[in-house]
Each structure stands twice: as C-alpha cells, then as structure tokens.
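Worksheet for the structure shown next.
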Amino acid sequence: MLQIYNTLTRQKEYFRPLHEGRVGMYVCGPTVYGDAHLGHARPAITFDLLFRYLQYLGYKVRYVRNITDVGHLEHDADEGEDKIAKKARLEQLEPMEVAQYYANRYHHDMEALNVLPPSIEPHASGHIMEQIEFVQKILDKGYAYISNGSVYMDVEKYAQDFHYGKLSGRNLNDIQTDTRELDGQDEKKHSYDFALWKKASPEHIMRWHSPWSDGFPGWHMECSAMGCKYLGEEFDIHGGGMDLIFPHHEAEIAQSCAALGHDTVRYWMHNNMITIAGKKMGKSYGNFITLQQFFKGEHQLLSKAFSPMTIRFFILMAHYRSTVDFSSEALEAAEKGLARMQEAYTRLMSLKAADKTTIELTNLKELCIEAMDDDLNSPIVISHLFDSARAINTIYDGKATISSEDLTALQTTWKTFVTDILGLRMEDTAGADNGKISAYKGAVDMLLTMRQQAKQEKDWAKSDYIRNQLTALGFSIKDKKDGFEWSL
RNA sequence: GGUACCUUGCCCGAGUGGUUAGGGACCGGUCUGCAAAACCGGGGACAGCGGUUCGAAUCUGCUAGGUACCUCCA
C-alpha cells in the first residue's frame, strides 16, 4: 500500500484518498516570466512520477498544475511591480504576450522531459473573479482587513482560532522578530500579515477591478482559489518545492482555513532542491542553467549536451526528498547508466523464448511496487531494474534461457515500470520511421555486411577501416557471434 | 538569531538495528583477429567523540562541517 511523506506530520503515512478510487492533486506550477531551468524540472518530474504511479494503481486522478501569469510581487528597487509586468515593459510586449511565450516554451521543455500534461492547467489571470470571491469570503469571516485599497490577512486574528505555522513549524513570535522592509509595510497591522489583494500603483500595467481597488491578487491567492475551484474544498495531495513551504503554502493553509473554516489539503508533499556544484541554484545567484542549455550543452559548467532523458533519469536516480547535486561528472555517469538500461530494454524486447527458464529471476514486479509504495523510491526501482538487466544480458548472450511465460511477464514489467511509471522513453531516437530512415539504416547494414565478409576473408585492414570510419561518424559497432549490432 | 534538514567507499546515490543496494570509474578474468559490448570476480564506506544494546551506518547526546527556509525563487 502506498505510503507518502506528509510534510504536515513529518512522517510517512498510508495514502487513503478522500473518495474511493479517485485522487485530486494540486501542484504549484511555473511563474512564466523566464525559461524553465533545472529547478522546474525537479517538481515537474517528481509529481509526474506520482501522477503516473497513482494511475498505475488504478486511481482516476485529477491533476491540477497552475500557470502563474499574474506574477508575484517582485521585491527589489521596482517597488511592487510584478514580474510579468516588469519583463513586459523591458521587452515592450503585452504582459500576456510574455506569459504566453514562456508558457509555450515551458510546455515544450516538459514535453522533452516526457512530463505528462496535467489534467487541468489553470492560469491565475483567468481566475481573477474566483480570487476576488475568495478574498471576500475571508473578509466576511473577519480574518482580513482593508487598508488603503489593499486587503491583508489578519494573521494574529487567524492565529487565535487556527494554528498558524503548523506546516513550517514556525510560531508567530519567531516570525515577528524577523521584521524586514517591504513595500506596503506601513499599511499592515503586523509585519507578518500578507496581502490578499494589492492595490496597483499608477505605473503598474497588470491590473483588475475589484471591490477594493484596481489591483491584483496577492501572492498566495491563486492556489487557494483554483485548487478549491477544481478539486473542491477538501482534496488529497498538494505538492511543490520545499522552498514554498514558507511562506507560500503556510499562507495557503491560512487562507483556506479562514475562508472555509477547515483544512483543504490532506497530504502535503515537497520535493527537495537542486544544487549546482554544491551551491544552491537561484536566480539571484546567477548559477542557474536552463533546460535548453542542458539539451544543447551551452553552459560553462557543462562538458557537453545532455539529453532530456538523461536529465530525467538523473533526477529519478535520487529520491525526491533528497537534495541532488548537478555536475557534468554525475550526469555523464547517469548517461551511461541510462544507455545500459536502454540496451537491456531493447534486448529484452527482442529475446526469444525457450522451453524453460534456466536463470533465477527475482520477482521484479513486486520489488518495484514495494519500492514505489515506499514514498516513491525511484532509486530503488532503478536498482532492481539494473539487477534484472544483468539477467537479461546473460540470456541475450545465450548463457541461459527463459520460458515464454517468464519472458512475457518480464517484458510487461519492464514496459510498465520503465516506460509507463518512470516515464523513460526507450524507443529508438528514430521514432517515426519513414522511407529516409530505413534507407539510411539499410546503407549502414550494407557497410557492416561488407565488413563481415572482409572479416571472413581475414582482411583486417578493410574490416577495421569500415569500423573506424563508422565509429568516427558517431556509430557504435558491436560484433556478435554471427553478425553485428550498431547504434548511433 | 529562529526553524527544518543533511554529512555513506574515487564520484553519484539507496538503506531495514544483525545479512551484497544500484550506477559510474578503476583492477583482474572470460569472449574476440583486435576492439566494443556483455558476463564473472575484486577492492574499498558509513564526519568525529561518547551513550543505549548481545549487536548500530541505522536509536540517543555532544562536537565539527554543510544546506535550505525565514526575502523573488522549484
């Protein structure tokens, strides 16, 4: 039975959905004002893994992942101007044009990583009404106040009736001592009060009408409003990066409890961060690498380009609650490991069954399920698959045989876990086979057939020449007992 | 300063109180005209110091080092 680590209780819990056979999950998506980087890949892949596994378990899953295109406030010299608006002004574009541009690029990168699209991908800008209504509910319940056209959460009042800080383990006293300078500070009763609705300054170009002012919703409002709209007042899983625990998710809990009088989320899940050469990756650190840079190898820290599947595999090789450190060396190791797995996969699918099985096969399927049930332990799943790969290679080498029944079961398990659950694309890069590709394949086969003949005639010079030339072009040639094998 | 967490072999990275994680690299062997691939074998690890225990990398205390959050960020 699936266990997942709940940040709220800080322990693994058996997962029991609110409604039999159905799961509602919400994951914080990207703010679309820049290209997707590694930090976006981690939660996308982590929760894609969960999405896929829940479906494998037979649940009907509604997976909501938002697009933040209203922009969170940017806290720097450009007081109160939101990120999308700032970028739009710099690039002389409509704010929505910027958001659309980066949303498209995000989707493109996610597709490359084989991240399945969520069931619903709501845009914050398309749910201003819902957010206004949500703010109004909080006001009606008396947990918010209006100040100079903006609406703020009255955290102190809220904390009298609910437990503020239960997700992050903070208490109001701690937070109170850490005062800081922030726009609109003097409008608030307390420094820890946060904006539910913000009045727009005159130069602020992203703005909407509301009962309180022309402005825009607060930082955390969209997730409360859209989660509630599409998943209901109570739903199963809410995910995101660990850096969102405070204040973002803490504020979400407060908003929802204030408006609805009860908790909304039952299981909070958080993926850990990514570091680059031991250092945190962040916009303000200038050491973040976009996914496109990975795919193209265009970054000083990268020795070469890394395919999307290598990135995915590398992320899955670590457990989602561990930090994972990116380095060219580690990625190259992952790349080779993935190639080994791909090789075993291809071989498995081409194996011929014999009368009986003469090799000990582990109960791979049960082992993989056990690992996944243990809080999505993908590294363990991968290690079981590698164990299985050794057996497959032994059979492939003709040193053992496998029965038809065992072979079918093994093929099914591999396909299920490698392709469907881990989401690793295993088919040849030449996915769409058209005439051109088969012609080129035929040409390579022909060259290698010529090499076979040369070998039989012990014409090593000719034989090596063909192999060396093809190797230089990027082919990898492997001789077999009675034939050859090649790949690009 | 407050809160949470981490420290595993050359590198990445799992881990249940007692039994081989796995991958990469490396070394040796088998196979091969030579390679490549594959297979077999190999070495080595649990930050330091105490405690609990028959037994701890795994529980506990302290020390050292590191990371994240508290501020936009995945």
Side-chain angles (χ1 to χ4, degrees), chain A residues 7 10 27-31 33-34 36-46 71-76 82-83 165 168-171 173-178 180-182 192 219 239-248 250 270-275 278-285 288 313-314 317-319 321-327 329-341 343-344 347 371 374 377-387 389-390 392-394 396-400 455 458-460 463-464 467-468 471 476-481 484-487:
Chain A
T7 309
R10 306 208 177 269
V27 173
C28 290
T31 302
Y33 68 99
H37 52 78
L38 269 184
H40 293 101
R42 187 101 196 255
I45 289 171
T46 297
H72 291 168
L73 279 176
E74 194 157 56
H75 164 54
D76 60 13
D82 85 34
K83 285 177 175 176
S168 57
R170 281 158 221 272
N171 62 62
N173 291 335
D174 291 340
I175 301 168
Q176 192 163 27
T177 52
D178 302 313
R180 58 196 150 75
E181 290 305 313
L182 197 66
Y192 44 68
W219 305 5
M242 275 187 183
D243 55 336
L244 296 178
I245 291 174
F246 191 90
H248 183 56
E250 198 71 75
H270 293 93
N271 63 274
N272 213 320
M273 301 292 102
I274 277 168
T275 54
K279 290 285 174 191
K280 179 200 179 185
M281 185 179 68
K283 292 178 181 33
S284 50
Y285 292 72
F288 69 92
F313 187 67
F314 182 67
M317 268 180 29
H319 187 256
R321 282 190 291 114
S322 301
T323 54
V324 62
D325 189 51
F326 269 70
S327 63
E329 197 185 5
L331 276 168
E332 283 176 41
E335 186 175 51
K336 286 176 186 166
L338 178 62
R340 183 174 155 82
M341 183 170 284
E343 186 84 352
R347 288 176 173 181
D374 185 14
N377 201 329
S378 54
I380 294 293
V381 172
I382 291 170
S383 81
H384 289 319
L385 288 166
F386 275 121
D387 283 339
R390 194 172 299 131
I392 291 167
N393 284 326
T394 302
Y396 182 79
D397 279 353
K399 290 170 184 161
K455 279 176 68 181
K458 297 202 189 301
D459 183 352
W460 307 131
S463 153
D464 287 353
R467 185 176 64 196
N468 292 341
T471 303
S476 132
I477 314 298
K478 295 170 195 167
D479 284 359
K480 303 255 309 164
K481 274 202 166 50
F484 53 82
E485 207 178 79
W486 64 270
S487 58

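Bear in mind that the values here come from a model prediction, so they are computed numbers and not experimental data. Just so it is clear: chains get the letters A, B, ... in the order the sequence lines come, proteins before strands, and each one is counted from 1.
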Counting only N and O atoms by type, is there a donor-acceptor contact under 3.5 Å from the side chain of Ser463(A) to the main-chain atoms of Asp459(A)?
-> no

Taking N and O atoms by type only, does the side chain of [X] place a donor or acceptor under 3.5 Å from a partner on the base of [N]?
X	N	answer
Asp479(A)	rC34(B)	yes
Asn377(A)	rG15(B)	no
Ser463(A)	rG33(B)	yes

Measure from the side chain of [X], starting at C-beta and using heavy atoms only, and say which of [options] lies closest.
X	options	result
Trp460(A)	rC12(B), rC69(B), rG33(B)	rG33(B)
Lys455(A)	rG33(B), rA14(B), rA74(B)	rG33(B)
Arg10(A)	rC5(B), rC70(B), rA21(B)	rC5(B)
Asp243(A)	rA74(B), rA38(B), rA25(B)	rA74(B)

Rounded [atom1] spacing from [N] to [M] in Å:
N	M	atom1	value
rC6(B)	rU60(B)	P	11 Å
rG22(B)	rG43(B)	P	13 Å
rU30(B)	rA36(B)	C1'	15 Å
rC26(B)	rG33(B)	P	25 Å
rA45(B)	rU58(B)	C1'	14 Å
rC10(B)	rU19(B)	C1'	26 Å
rA38(B)	rA47(B)	C1'	39 Å

Would you say a side-chain N or O of [X] is under 4.0 Å from OP1 or OP2 of [N]?
X	N	result
Ser378(A)	rA14(B)	no
Arg340(A)	rG23(B)	yes
His40(A)	rA74(B)	yes
Arg321(A)	rA74(B)	no
Asn393(A)	rC39(B)	yes

Using a heavy-atom cut-off of 4.0 Å across all strands, would you classify [X] as base, sugar-phosphate, or nothing?
X	value
Phe314(A)	sugar-phosphate
Thr275(A)	nothing
Ile245(A)	nothing

Taking NZ, NE, NH1 and NH2 as the nitrogens, is one of them in Arg340(A) or Glu335(A) under 4.0 Å from a carboxylate oxygen of the other?
-> no

Lys/Arg-Asp/Glu bridge criterion (N-O < 4.0 Å) met for Lys336(A), Glu332(A) =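 Glu332(A) and Lys336(A): not salt-bridged.
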
Tell which nucleotide pairs with rU30(B), taking only Watson-Crick or G-U wobble pairs whose two distances are both under 3.5 angstrom.
->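 Base-paired to rA38(B).
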
Just wondering, do Phe386(A) and rG23(B) stack (centres under 5.5 Å, planes under 30°)?
->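 Phe386(A) ring does not meet the centre or angle cut-off for rG23(B); no stack.
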
Under 3.5 Å, N/O pairs linking protein and nucleotides 40-44 of chain B:
none

